[in-house]
Engineer: 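Let me give you the structure first, and then I'll get to my questions.
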2 protein chains.
Amino acid sequence: MEIYKNEKRQRYLEEYSIGYLFAFPIEEFLEVHEYKRDEWIIQEGTRPDFLFYVIEGKAKIYVTHQNGKVSLINFINEEDFFGEMELLNPIYYTKGVQASTKTVCFAIPFHRCRARMLEDATFLRELAKFLSVKSTQMAAKYTQSLSFPLENRLADFILQSADGEVYKEKHVTVCDFLGVSYRHLLYVFAQFCDKGYLQKEGRHYRILQPKELNGLARVLMNE
Amino acid sequence: MEIYKNEKRQRYLEEYSIGYLFAFPIEEFLEVHEYKRDEWIIQEGTRPDFLFYVIEGKAKIYVTHQNGKVSLINFINEEDFFGEMELLNPIYYTKGVQASTKTVCFAIPFHRCRARMLEDATFLRELAKFLSVKSTQMAAKYTQSLSFPLENRLADFILQSADGEVYKEKHVTVCDFLGVSYRHLLYVFAQFCDKGYLQKEGRHYRILQPKELNGLARVLMNE
DNA sequence: TCCATAATATGAGATATCTCATATAATTGT
DNA sequence: ACAATTATATGAGATATCTCATATTATGGA
């Protein structure tokens with residue numbers, strides 16, 4: 001982890017201004033942290049000292065179950081907060097957060113800003129919106145996972161995460177995210193190839209029939 | 001649906017004061033609504049005109065999928081909000097809310113209070129806390145549903161919802177909530193009876209070995 | 001460059017869960 | 001009080017998904 005100082009910090013503060021998210025002057029409190037790919041930003045089970053706001057990069061929220069299984073709860077993208085659970089709730093089992101690419105965040109120290117943030121209607125409104133969207137998404141994922149086979153959820157995921165017509169996510173990550181075994185994931189990929197929806201190219205897949213995938217994905221939707 | 005007026009309304013305002021959740025005087029805007037068991041408080045797909053706060057009773061949030069399956073997303077209990085998604089998000093697919101018992105709510109009209117609520121740090125802080133807990137619970141349910149068989153989740157549900165040592169939820173509701181077929185739910189109930197954890201009494205079940213159920217439920221936990 | 005590790009791949013057998021059919025019992029509205 | 005609806009119950013067969021074993025192929029670090 002690297003903390004940007006002086007001019008470098010200043011450059012980020014100017015380029016990615018988040019002053020509009022707060023009614024009080026936040027800039028002076030902001031630290032700018034950079035994390036390398038695969039670095040753990042928050043350790044599972046250990047309360048963080050900061051509220052984070054992602055400005056560049058991507059991260060993943062993980063939880064480990066008692067049986068050893070690991071779930072990828074969600075992706076964190078640019079302009080997302082994390083650490084907000086610990087800001088709001090004195091008691092909370094902290095989930096692990098891992099950078100999936102090089103990731104730069106604003107880190108807002110709790111000890112200096114908690115009180116101010118919790119009094120700031122502008123910030124709280126943004127945070128409530130963010131949380132409401134997050135909660136809605138989780139609810140959607142939950143009910144979809146119970147109501148549809150992997151086929152549908154995978155079709156959706158492929159379309160969401162494809163780069164143009166090329167899909168290149170790692171299978172191991174996707175297993176944790178969609179909550180299925182590696183074996184089963186590959187079965188369904190093989191089916192999609194058999195049916196001609198996808199074509200394997202090295203370790204990537206080319207989307208040949210987006211319409212077919214779309215048909216499978218569409219049945220999930222409501223929200 | 002019945003709207004309480006005058007003295008009856010007044011009595012509820014005094015007995016269940018929620019003034020502390022707001023920095024501005026909310027009482028004058030509060031309507032008190034009573035819904036009968038099984039009545040729909042919010043129609044799926046139809047935006048409500050109120051933010052609701054439950055003071056007596058219980059309700060359920062439902063969503064209908066394209067394939068006709070219905071999911072019970074969550075229960076709403078006393079002191080919970082609902083309709084907050086519509087307060088915060090201009091675009092949102094509204095879920096259905098149905099009273100499971102006679103339910104009395106405070107109903108806060110959007111058209112008179114939205115602006116004030118969205119400026120009120122006290123209220124927004126409470127709402128953010130509520131949403132963070134909700135979102136955490138959904139995430140937990142999601143990952144649990146993908147990581148553990150019904151056996152574990154049902155054991156947890158039985159212990160959570162039992163009245164002393166008697167369990168008396170309706171199977172049909174529980175299917176929607178745990179996202180499994182009626183058939184499978186009954187299989188697992190039958191197993192629990194075989195193993196002596198439960199004993200059927202008429203249409204209820206008596207919990208004979210709470211410790212065993214606890215063992216099954218415990219593996220879910222982290223949060 | 002080489003080794004250890006992580007990721008991909010595939011088969012075989014088990015099991016968790018679903019669908020459909022059908023029967024009976026309870027509940028509700030008229 | 002009766003008919004219609006809703007909830008409970010059970011069997012049989014299908015399928016979605018998992019576990020485990022085992023290869024092969026990439027990848028990152030000393």
Side-chain angles (χ1 to χ4, degrees), chain A residues 36-39 60 62 65 67-72 98-102 143-155 167-195 198-205 216 219-220, chain B residues 36-39 60 62 65 67-72 98 100-101 143-155 167-195 198-205 216 219-220:
Chain A
K36 289 196 280 286
R37 185 154 80 83
D38 292 341
E39 192 172 358
K60 294 174 283 188
Y62 281 103
H65 300 278
N67 63 359
K69 260 201 194 177
V70 169
S71 291
L72 170 48
Q98 185 185 34
S100 23
T101 64
K102 178 187 126 178
T143 61
Q144 287 166 7
S145 74
L146 294 173
S147 304
F148 299 96
L150 180 61
E151 181 177 54
N152 301 97
R153 296 179 291 131
L154 181 59
Y167 168 89
K168 37 181 141 174
E169 297 297 323
K170 278 198 211 163
H171 290 331
V172 278
T173 306
V174 178
C175 290
D176 290 341
F177 185 61
L178 297 179
V180 294
S181 66
Y182 191 89
R183 190 66 191 86
H184 190 55
L185 182 69
L186 287 217
Y187 270 133
V188 178
F189 264 107
Q191 280 175 36
F192 284 179
C193 292
D194 274 359
K195 294 183 185 164
L198 298 179
Q199 181 181 313
K200 199 146 134 197
E201 301 191 337
R203 54 188 45 268
H204 300 161
Y205 292 81
L216 288 174
V219 311
L220 299 185
Chain B
K36 287 196 281 285
R37 185 155 81 83
D38 293 340
E39 192 173 358
K60 293 172 285 189
Y62 281 104
H65 299 279
N67 64 359
K69 260 202 194 177
V70 170
S71 291
L72 170 47
Q98 185 184 33
S100 23
T101 64
T143 63
Q144 288 166 7
S145 74
L146 295 175
S147 303
F148 299 97
L150 179 61
E151 181 178 53
N152 300 97
R153 297 180 289 131
L154 181 59
Y167 168 90
K168 37 181 140 172
E169 297 297 323
K170 277 198 208 163
H171 290 330
V172 279
T173 306
V174 179
C175 290
D176 290 341
F177 186 61
L178 297 178
V180 295
S181 66
Y182 191 88
R183 190 64 190 86
H184 189 56
L185 182 69
L186 286 218
Y187 270 133
V188 178
F189 264 107
Q191 279 174 38
F192 284 179
C193 292
D194 274 359
K195 294 183 184 163
L198 299 179
Q199 181 181 315
K200 200 146 134 196
E201 300 191 339
R203 54 188 45 268
H204 301 161
Y205 292 81
L216 288 174
V219 311
L220 298 184

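What you are looking at is a predicted structure, and each value in this text was computed from that prediction instead of being measured. So you know, we letter chains A, B, ... as the sequences are listed, proteins then strands, and number each from 1.
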Engineer: Name the closest nucleotide to the B/Arg203 side chain, picking from C/dT8, D/dA12, C/dA26.
Structural biologist: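 Per side-chain heavy atoms of B/Arg203, the pick is C/dA26.
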Engineer: So if I take every side-chain heavy atom of B/Tyr187 and compare against D/dG11, D/dC18, D/dA9, which nucleotide ends up nearest?
Structural biologist: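 Looking only at side-chain atoms, B/Tyr187 lies closest to D/dG11.
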Engineer: Can a donor-acceptor pair be found, under 3.5 Å and without considering hydrogens, that links the side chain of B/Asn152 to the backbone of B/Leu216?
Structural biologist: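 Yes, because the side chain of B/Asn152 sits within donor-acceptor range (under 3.5 Å) of the backbone of B/Leu216.
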Engineer: Please assess A/Lys60 against A/Asp176 for the test side-chain contact (heavy atoms from CB on, under 4.5 Å), listing each intermediate value before the final yes or no.
Structural biologist: CA-CA 11 Å; A/Lys60 294 174 283 188; A/Asp176 290 341; over 6 Å; no
Engineer: Can you measure B/Glu201 atom CD to D/dT8 atom P for me and round it to whole angstrom units?
Structural biologist: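 Answer to the nearest Å: 16 Å.
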Engineer: Starting at atom CG of A/Asp38, determine the distance to atom C1' of C/dA6, rounded to an integer number of angstrom.
Structural biologist: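 Rounded to the whole Å, the gap is 11 Å.
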Engineer: So which heavy atom on B/Leu150 is nearest to which on B/Val188, and how close?
Structural biologist: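 What the structure gives for the nearest pair is CD2-CG2, 3.8 Å.
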Engineer: Can you tell me how the ring of A/Phe189 sits relative to the ring of A/His171, calling it parallel under 30°, perpendicular over 60° and tilted otherwise?
Structural biologist: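 Taking A/His171 first and then A/Phe189, their aromatic rings sit tilted (interplane angle of 30° to 60°).
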Engineer: Quickly work out the B/Lys170 NZ to D/dT5 C1' distance and round it to whole Å.
Structural biologist: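 The distance from NZ of B/Lys170 to C1' of D/dT5 comes to 12 Å, rounded to the nearest Å.
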Engineer: So which one's nearest nucleotide on DNA chain D is more toward 5', B/Val172 or B/Arg183?
Structural biologist: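 First, find each residue's nearest nucleotide; the 5'-ward one identifies B/Val172.
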Engineer: On DNA chain C, compare the nucleotides closest to B/Phe148 and A/Glu169; which residue's is nearer the 5' end?
Structural biologist: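 Closest to the 5' end, via its nearest nucleotide, is A/Glu169.
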Engineer: Taking atom P of C/dA16 as reference, at what distance in whole Å does atom CZ of B/Arg153 sit?
Structural biologist: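 Rounding to the nearest Å, CZ of B/Arg153 and P of C/dA16 are 13 Å apart.
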Engineer: Atom NZ of A/Lys36 and atom P of D/dG28: how far apart are they, to the nearest Å?
Structural biologist: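 Roughly 15 Å, once rounded to whole Å.
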Engineer: Pick the nucleotide of DNA chain D nearest each of B/Gly202 and B/Leu146; which residue has the one closer to the 5' end?
Structural biologist: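 Closer to the 5' end of DNA chain D: B/Gly202.
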Engineer: A/Leu150 has an atom CG; how far is it from atom P of D/dT15, in whole Å?
Structural biologist: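 About 17 Å, once rounded to whole Å.
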Engineer: May I ask you to evaluate whether B/Lys200 reaches the phosphate of D/dA9, defined as a side-chain N or O under 4.0 Å from OP1 or OP2?
Structural biologist: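 Answer yes for this pair, as a side-chain N or O of B/Lys200 is under 4.0 Å from OP1 or OP2.
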Engineer: Tell me the interatomic distance from B/Phe192, atom CZ, to D/dA9, atom P, rounded to whole angstroms.
Structural biologist: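 Atom CZ in B/Phe192 sits about 16 Å away from atom P in D/dA9.
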Engineer: In terms of side-chain heavy atoms of B/Lys69, which of C/dT17, C/dT19, C/dA9 is nearest?
Structural biologist: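 Of C/dT17, C/dT19, C/dA9, C/dT19 is nearest to the side chain of B/Lys69.
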Engineer: Rounding to an integer number of Å, can you tell me how far A/His184 NE2 sits from C/dA12 C1'?
Structural biologist: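 Spelled out: NE2 on A/His184 to C1' on C/dA12 is 16 Å.
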Engineer: Just call it for A/His171: base, sugar-phosphate, or nothing, with non-hydrogen atoms closer than 4.0 Å on any strand.
Structural biologist: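 A/His171: backbone/sugar contact only, no base atoms under 4.0 Å.
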Engineer: Would you say B/Arg37 reaches C/dT28's phosphate, i.e. side-chain N/O to OP1/OP2 under 4.0 Å?
Structural biologist: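 Checking B/Arg37 against C/dT28: at least one side-chain N or O falls below 4.0 Å of OP1 or OP2.
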Engineer: Where the side chain of B/Leu186 is concerned, which of D/dA9, D/dT17, C/dA7 is the nearest nucleotide?
Structural biologist: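 Nearest listed nucleotide: D/dA9.
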Engineer: Are there more than 12 heavy atoms of other residues, nucleotides or ligands under 6.0 Å from atom NZ of A/Lys195?
Structural biologist: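 Buried by this count: over 12 neighbours within 6.0 Å.
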Engineer: Is there a side-chain contact between A/Tyr182 and the phosphate of C/dT8, meaning an N or O under 4.0 Å from OP1 or OP2?
Structural biologist: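 Yes, such a contact exists.
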Engineer: Could you please name the option among D/dC18, C/dT17, D/dA9 that lies closest to any side-chain atom of B/Tyr205?
Structural biologist: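 It is D/dA9.
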